[in-house]
Amino acid sequence: MKRIVTIVGPTAVGKTALADALAVRLGGAVVSADAMQVYRGMDIGTAKAAPGECRAPLLLVDVVDPDVAYSAALYQRDARCAIDQLRAQGTPVVVCGGTGLYIRAALDDMRFPAGSQETDARRAYDDLARRIGADALHGLLRERDPESAAVIHPHNVKRVVRALEMCDEGVSYARQKEGFSTPRPYYDASYYGLTMDRERLYARIDARVDAMMEQGLLAEVEELVVHGFGADLTARQAIGYKELIDYLEGRLGLDEAVDLIKMRSRRYAKRQLSWFRRDARVHWIDLDAVSADAALELICESEGC
RNA sequence: GGUCAGAUAGCUCAGUUGGUAGAGCAGAGGACUGAAAAUCCUCGUGUCGGGGGUUCGACUCCCUCUCUGACCA
């Protein structure tokens, strides 16, 4: 069975087009690894490939409605299901996406403890955090699981809450994350990271945000709001959506909101680079040095296709 | 042309009685096991507009020039 070829990199670098071209070349399919493109109806702002834009089948996009609390564990289940099915048919798999955790969840031997994030426990801990403060909550974790408390910064409330949740499930956060830096592959996969000069990437991000606005991102957001885009939804946290909601509800000017979308996208790109740079398995392709077409040839050459 | 107020980090500005500067934002780096487009951590040397002077020592005081803004002609 052929190796899975994985395309990673920061937002707006050109992953989707390259992955599609590669999948066409291989006669395979693309499995998306993007935490926001899983939501239906969030198209323009997540830079989802438009219908007909991709020639190869694209999976793991539009899997749930925006009011569903999706997660890395659910993605792991769904992505592996899709990958196993493709492989059973002998279809080559190209994984492509910018959500580092989702890629690790699907392709590495990551195990999530039993349970769901839909419990009341999370809400209870969130409330507790608001009442007693971040440091006190961290103190509570220190009592219950000192090992985990030691590896989580007290201000990182989300992580502390999750660790407490895991205590309730009888699992140690610290124990779970052991070995995260030395991954054990679940599938045989190779990784290609696309990168380019920071200035140029940022210019592309800015231009893409302007293009999204021209394509009607505001109308898309209004449509979501009409159908009840609750403040507590994961999908609401997507860059480009939360800012335009702030505009629609009068908290921001439109220009201000657009500038904020650009800034947050740039920071997001930086975090993505940080994540992928840490993974020694990634072969980096500098798109300042080679064209996208040449990058495709490079990948095909080293994959023997 | 005159008067006044400014000119300090990429931007907005602090800088106490002269002892060669520091905040916010931007930016950079990093972490990351069920919210991950989330969340969190770390990082501040710059001809203090140019030139001259006073002084042991000037971002700070004096002179001068340049530029910007306001007002008066």
Side-chain angles (χ1 to χ4, degrees), chain A residues 10-12 32-39 42 45-48 66 68-79 97-119 121-123 125-126 129 134 137-138 148 151-166 168-169 171-184 186 198-199 201-202 205 208-209 212 230-244 256 259-279:
Chain A
T11 189
S32 163
D34 186 298
M36 292 301 160
Q37 290 188 6
V38 297
Y39 295 109
M42 295 173 66
T46 63
K48 208 177 280 177
V68 170
Y70 205 65
S71 70
L74 296 176
Y75 175 80
Q76 178 181 66
R77 180 199 66 194
D78 296 342
T99 305
L101 181 62
Y102 280 24
I103 288 170
R104 299 281 314 258
L107 303 183
D108 284 331
D109 183 25
M110 262 180 84
R111 286 165 205 202
F112 297 100
S116 106
Q117 85 286 16
E118 278 292 77
T119 59
R122 177 165 300 176
R123 196 153 336 118
Y125 283 127
D126 281 339
L137 193 76
H138 190 259
S148 296
V151 296
I152 302 173
H153 189 99
H155 294 170
N156 200 343
V157 175
K158 284 197 183 189
R159 204 75 33 89
V160 173
V161 166
R162 176 62 193 143
L164 285 164
E165 247 175 48
M166 288 168 83
D168 296 339
E169 291 161 8
V171 190
S172 163
Y173 172 92
R175 206 74 48 78
Q176 281 292 305
K177 90 176 196 72
E178 260 173 31
F180 195 69
S181 48
T182 50
R184 293 181 311 267
Y186 181 83
R198 193 63 65 88
E199 292 282 317
L201 180 66
Y202 285 2
I205 288 172
R208 191 167 75 170
V209 171
M212 286 172 176
D232 51 337
L233 298 179
T234 301
R236 248 289 272 272
Q237 300 178 340
I239 295 168
Y241 294 83
K242 55 187 165 193
E243 296 83 2
L244 288 183
E256 234 179 333
D259 285 347
L260 199 54
I261 294 170
K262 291 175 181 173
M263 191 188 86
R264 287 188 173 150
S265 300
R266 292 193 291 258
R267 289 181 174 173
Y268 172 48
K270 198 154 67 86
R271 274 180 273 129
Q272 288 175 301
L273 285 166
S274 230
W275 179 287
F276 294 121
R277 278 193 291 229
R278 186 160 68 124
D279 194 329

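Protein chains get the first letters and strands the later ones, always in sequence-line order, with residue 1 at the start of each.
- Taking atom CE on A/M263 and atom P on B/rA37, their separation rounds to 17 Å, with Å as the unit.
- Applying the side chain to side chain contact (heavy atoms under 4.5 Å, CB included) test to A/R159 and every residue at least two apart in sequence or in another chain returns A/I152, A/N156, A/Y173.
- Here B/rA31 presents its P atom at 20 Å from NE2 of A/H155, a figure rounded to the nearest Å.
- Taken to the nearest 0.5 Å, the CD atom of A/E165 stands 4.0 Å off from the CZ atom of A/R122.
- At whole-Å resolution of the value, CG in A/L164 and C1' in B/rA35 are 16 Å apart.
- If you check every strand for non-hydrogen atoms under 4.0 Å, A/D108 touches nothing.
- The CZ atom of A/R267 sits 13 Å away from the P atom of B/rG29 (whole-angstrom rounding).
- Straight-line distance from the NZ atom of A/K48 to the C1' atom of B/rA37: 13 Å, rounded to whole Å.
- Heavy-atom minimum distance, A/A105 versus A/Q76: O-NE2, 2.7 Å.
- Heavy-atom nearest nucleotides on RNA chain B were determined for A/M36 and for A/R175, and the one closer to the 5' end corresponds to A/R175.
- Nucleotides B/rG49 and B/rG69 place their C1' atoms 16 Å apart, quoted to the nearest Å.
- Separation of the P atoms belonging to B/rC41 and B/rA26 is 15 Å when rounded to the nearest angstrom.
- Counting non-hydrogen atoms under 4.0 angstrom, A/Q76 reaches nothing in the nucleic acid.
- Checking the phosphate oxygens (OP1, OP2) of B/rA37, no side-chain nitrogen or oxygen of A/Y241 falls inside 4.0 Å.
- One finds a side-chain N or O of A/Y202 lying less than 4.0 angstrom from the OP1 or OP2 phosphate oxygen of B/rA28.
- Across B/rU17 and B/rC13, the matching P atoms stand 23 Å from one another, rounded to whole Å.
- Among the protein residues, A/T46 comes within range of the nucleic acid bases, having at least one heavy atom under 4.0 Å from a base atom.
- In this model, the phosphate group of B/rU33 is not approached by any side-chain N or O of A/R104 to a distance below 4.0 Å at OP1 or OP2.
- Rounded to whole Å, the P atom of B/rG30 lies 46 Å from the corresponding atom of B/rG18.
- Only the C1' atoms considered, B/rU68 is 24 Å distant from B/rA21, to the nearest whole Å.
- With rounding to the nearest 0.5 angstrom, the OH atom of A/Y268 is 6.0 Å from the OG1 atom of A/T11.
- Taking only side-chain nitrogens and oxygens, A/R162 never comes nearer than 4.0 Å to OP1 or OP2 of B/rA36.
- Atom CZ of A/R277 is surrounded by more than 12 heavy atoms from other residues, nucleotides or ligands within 6.0 Å.
- Among the heavy atoms of the strands, none lies under 4.0 Å from A/Y75.
- Taking the side chain to side chain donor-acceptor pair (under 3.5 Å) definition, one finds that A/R236 meets it with nothing, sequence neighbours left out.
- For the OP1/OP2 pair of B/rA37 and a distance below 4.0 Å, the side-chain nitrogens and oxygens of A/T11 include no atom meeting the criterion.
- Under the salt bridge (charged side-chain N to carboxylate O under 4.0 Å, His left out) criterion, A/K270 pairs with no residue at all, not counting sequence neighbours.
- Between A/R277 and B/rG30, a side-chain N or O to OP1/OP2 separation shorter than 4.0 Å is present.
- Atom P of B/rA23 sits at a distance of 28 Å from the matching atom of B/rG51, rounded to the whole Å.
- Using atom C1' as the reference point in both B/rC59 and B/rC48, the two lie 5 Å apart (nearest Å).
- At the heavy-atom level, A/D109 lies nowhere under 4.0 Å from the strands shown.
- At a threshold of 4.0 angstrom between heavy atoms, the contacts of A/G240 with the nucleic acid are absent.
- In this structure, A/L201 atom CG and B/rA37 atom C1' are separated by 14 Å, rounded to whole Å.
- Listed pair A/R266 / B/rG27 meets the phosphate criterion, a side-chain N or O lying under 4.0 Å from OP1 or OP2.
- Nucleic acid contact class of A/A114 (heavy atoms, under 4.0 Å, all strands): base.
- In this structure, the nucleotide among B/rA36, B/rA35, B/rU33 sitting nearest to the side chain of A/V161 is B/rA35.
- Contact detail for A/G98 and A/Q272: the closest heavy-atom pair is O-NE2, 3.1 Å.
- Here the separation of B/rC43 from B/rA9, taken at their C1' atoms, is 14 Å to the nearest Å.
- Checked against B/rU39, B/rU33, B/rA35, the side chain of A/L101 finds its nearest nucleotide in B/rU33.
- For A/D259, there are no side chain to side chain donor-acceptor pair (under 3.5 Å) partners two or more places apart in sequence or in a different chain.
- If you take NE2 of A/H138 and P of B/rC41, they are 12 Å apart, rounded to a whole angstrom.
- Taking the nucleotide of RNA chain B with the nearest heavy atom to each of A/R198 and A/I239, the more 5' of the two is matched to A/R198.
- Remark: A/R159 is in phosphate contact with B/rU33, judged by side-chain N or O atoms under 4.0 Å from OP1 or OP2.
- With B/rC40, B/rA31, B/rA35 as the candidates, the nucleotide lying closest to the side chain of A/S274 is B/rA31.
- Base pairing in RNA chain B yields stems of at least 3 consecutive Watson-Crick or G-U pairs, both distances under 3.5 Å, namely B:1-7 with B:66-72, B:10-13 with B:22-25, B:27-31 with B:39-43, B:49-53 with B:61-65.
- Between the NE2 atom of A/H153 and the C1' atom of B/rU42 there is a distance of 10 Å, given to the nearest Å.
- With sequence neighbours left out, A/Y75 forms a ring pair (Phe, Tyr, Trp, His ring centres under 6.0 Å) with A/Y102.
- Look at A/S71 and you won't find any side-chain N or O under 4.0 angstrom from OP1 or OP2 of B/rA35.
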Working for side chain to side chain contact (heavy atoms under 4.5 Å, CB included), residues A/Q37 and A/T99: CA-CA 10 Å; A/Q37 290 188 6; A/T99 305; over 6 Å; no
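- Close to B/rA35, at under 4.0 Å from its OP1 or OP2, lies no side-chain N or O of A/Y70.
- For B/rA28, its base sits under 3.5 Å from the side chain of A/K270 at one donor and acceptor pair at least.
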